[in-house]
Amino acid sequence: MSSYVISGVSRGLGFEFLRQLSADPANSVFGLVRDKAAVEAKVAGEIGRSNITIIQADTTDAAALQIVAEKTNGTLDYIIANAALQAKTALVGFDVLGQDPKALEEDLMEHFRVNTIGPVHLFNTFIPLILKGRAKKVIAISTGASDPEMTLKPDMYQATAYSITKAALNMAVAKFSALYRDKGVLFMAICPGAVDTGSLQIETDEDGKLAMAMFAKFKEYSPTFEGPVPAADSAKSVLALMNKATVDGGYAGVFISHTEKRPYL
């Protein structure tokens, strides 16, 4: 039996982690969301397993997370920090965003709150339970866009706040690893590839054109890129790497692709 806490399970990759990990009835899977009722209904309709517990908690709220920690029976084997913000601002660069400095600053700060500070709160809250667990693995879902190579090779000016804050998350993972590696805890950040999650909320023709321009940069970076992959495929690959990785096997504190090679897409 293994126990998991996963943030951001309302859709996409997070929901697939719920589905795949709960397939083993011996597992206990706790999913953290902002809208508990909606996700419980979705889980009941699409998965329907009793070993899933949905808990309402915003990872940017450290006090709320502490309450959640009290519901996990005192020990925990795995954390998957999946909750993230990728707003429509990802479709444009600093030249456009800089036209409204206040909005630019607010966008950056909100991305930092969700993508960097939220996981830090999550890790700090649950590390005492991880230390009592058996697997002792903490995984952060990052992005290839956090690697300067993916920006510099195709001159990808988009995804500014997302890239910056995920790069900061990678460093946070390394810092946590520096603290807890000698206690047997594996911290690592994994890029899941380009995943079809609907997070960009393409609503207009202009949004579509901007998204296609960004995907063209992806293609320039990785000529084999043919579009986002299904969440189910990506989740399976990430979980396989999580299960394979060990604290003394060269994975501690690293940021790595789910394929363990570049390019990330």
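The first residue in the sequence is number 1, and the count goes up from there. Everything numeric here is computed off the predicted structure, so don't read it as measured data.
Counting heavy atoms from C-beta on, the side chains of Arg262 and Asp147 come closer than 4.5 Å. Side-chain contact between Lys236 and Phe17 is absent, with no heavy atoms from C-beta onward closer than 4.5 Å. Inter-residue side-chain proximity for Pro228 and Val195 is flagged as unmet; no heavy-atom pair is nearer than 4.5 Å. By the 4.5 Å heavy-atom criterion applied to side chains, Leu91 and Gln158 are not counted as neighbours. Residues His111 and Glu106 have side chains not in contact (no heavy-atom distance under 4.5 Å, counting atoms from C-beta outward). Residues Phe123 and Val138 are in side-chain contact: their nearest non-hydrogen atoms beyond the backbone lie under 4.5 Å apart. For the pair Val247/Lys136, no side-chain contact is recorded, criterion being any heavy-atom separation below 4.5 Å from C-beta on. Within the 4.5 Å cutoff, side-chain heavy atoms of Thr89 are placed close to those of Leu97.
Looking only at distances, no side-chain donor or acceptor of Ser22 sits under 3.5 Å from a matching main-chain atom of Ile52. When atom types are taken as modelled, the side chain of Thr160 and the backbone of Gly93 share no donor-acceptor pair closer than 3.5 angstrom. Between the side chain of Ser234 and the backbone N or O of Pro192 there is at least one donor-acceptor pair closer than 3.5 Å. The closest donor-acceptor contact from the side chain of Asn51 to the backbone of Ser28 lies at 3.5 Å or more, if one exists at all. Side chain of Lys137 to main chain of Val185: no donor-acceptor pair is present (N/O by atom type, distance under 3.5 Å, no hydrogens or angles). Remark: side-chain polar atoms of Lys219 are not paired, donor with acceptor, to backbone N or O of Thr224 under 3.5 angstrom. Of the possible donor and acceptor atoms, one in the side chain of Ser222 sits under 3.5 Å from a partner among the backbone N and O of Leu265. A distance-only check finds a donor-acceptor pair linking the side chain of Asn243 to the backbone of Leu239 [under 3.5 Å].
Scanning both residues, Ala69 and Thr125, for their nearest heavy atoms gives CB-CG2, 3.9 Å. Between Asn27 and Leu21, the shortest heavy-atom contact is ND2-O, 2.8 Å. Between Lys166 and Ile141, the shortest heavy-atom distance links the atoms NZ-O, 2.6 Å. Here the closest non-hydrogen pair linking Phe176 and Val120 is CZ-O, 3.9 Å. In terms of heavy atoms, Val173 sits closest to Ala140 at CG2-CB, 3.7 Å. Residues Thr75 and Lys132 come closest through the heavy atom pair CG2-CB, 3.7 Å.
Ring centroid separation for the pair Tyr264 and Phe255 comes in under the 6.0 Å cut-off. Taking the ring centroids of Phe215 and Phe218, they lie under the 6.0 Å cut-off.
Lys175 pairs by the side-chain contact (heavy atoms from CB on, under 4.5 Å) definition with Met171, not counting sequence neighbours.
Defined by atom type and a distance below 3.5 Å, a donor-acceptor pair is missing between the side-chain atoms of Asn82 and Ser7. Neither side chain, Glu70 nor Gln66, offers a donor N or O lying under 3.5 Å from an acceptor on the other. A donor-acceptor contact closer than 3.5 angstrom links the side chains of Asn170 and Ser146.
In this structure, the separation between CG on Leu169 and CZ on Phe112 is 10.5 Å, given to the nearest 0.5 Å. Rounded to the nearest 0.5 angstrom, Ile80 CD1 and Ile6 CD1 are separated by 4.5 Å. Atom CG in Leu76 sits 10.0 Å away from atom OH in Tyr4 (nearest 0.5 Å). Taking NZ of Lys36 as the reference point, atom CD of Gln56 lies at 7.5 Å (rounded to 0.5 Å). Summarising the geometry, atom CD1 belonging to Ile256 is positioned 12.0 Å from atom NZ belonging to Lys261; distances are rounded to the nearest 0.5 Å. To the nearest 0.5 Å, atom OG1 of residue Thr165 and atom CG of residue Leu85 are 7.5 Å apart.
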### Task
Using the side-chain contact (heavy atoms from CB on, under 4.5 Å) rule, take Val33 and Ile54 through it: C-alpha gap first, then chi angles, then the decisive distance, then the call.
CA-CA 7 Å; Val33 297; Ile54 301 300; 3.5 Å; yes
### Task
Test Tyr157 against Lys217 for side-chain contact (heavy atoms from CB on, under 4.5 Å), laying out the working first.
CA-CA 9 Å; Tyr157 56 84; Lys217 293 295 184 182; 4.1 Å; yes
### Task
Run the numbers on Glu260 and Lys244 for salt bridge (Lys or Arg N to Asp or Glu O under 4.0 Å), then give the verdict.
CA-CA 11 Å; Glu260 298 191 66; Lys244 168 187 174 180; 2.8 Å; yes
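A cation-pi arrangement is present between Lys42 and Phe15 under the rule of less than 6.0 angstrom and at most 45 degrees off the ring axis.
For Arg49, the CZ atom counts as densely surrounded, since its 6.0 Å shell holds more than 12 non-hydrogen atoms of other residues, nucleotides or ligands. More than 12 heavy atoms of other residues, nucleotides or ligands lie within 6.0 Å of CG in Asp182, so this atom counts as buried by the packing criterion. No more than 12 heavy atoms of other residues, nucleotides or ligands shown are found within 6.0 angstrom of CD on Glu105.
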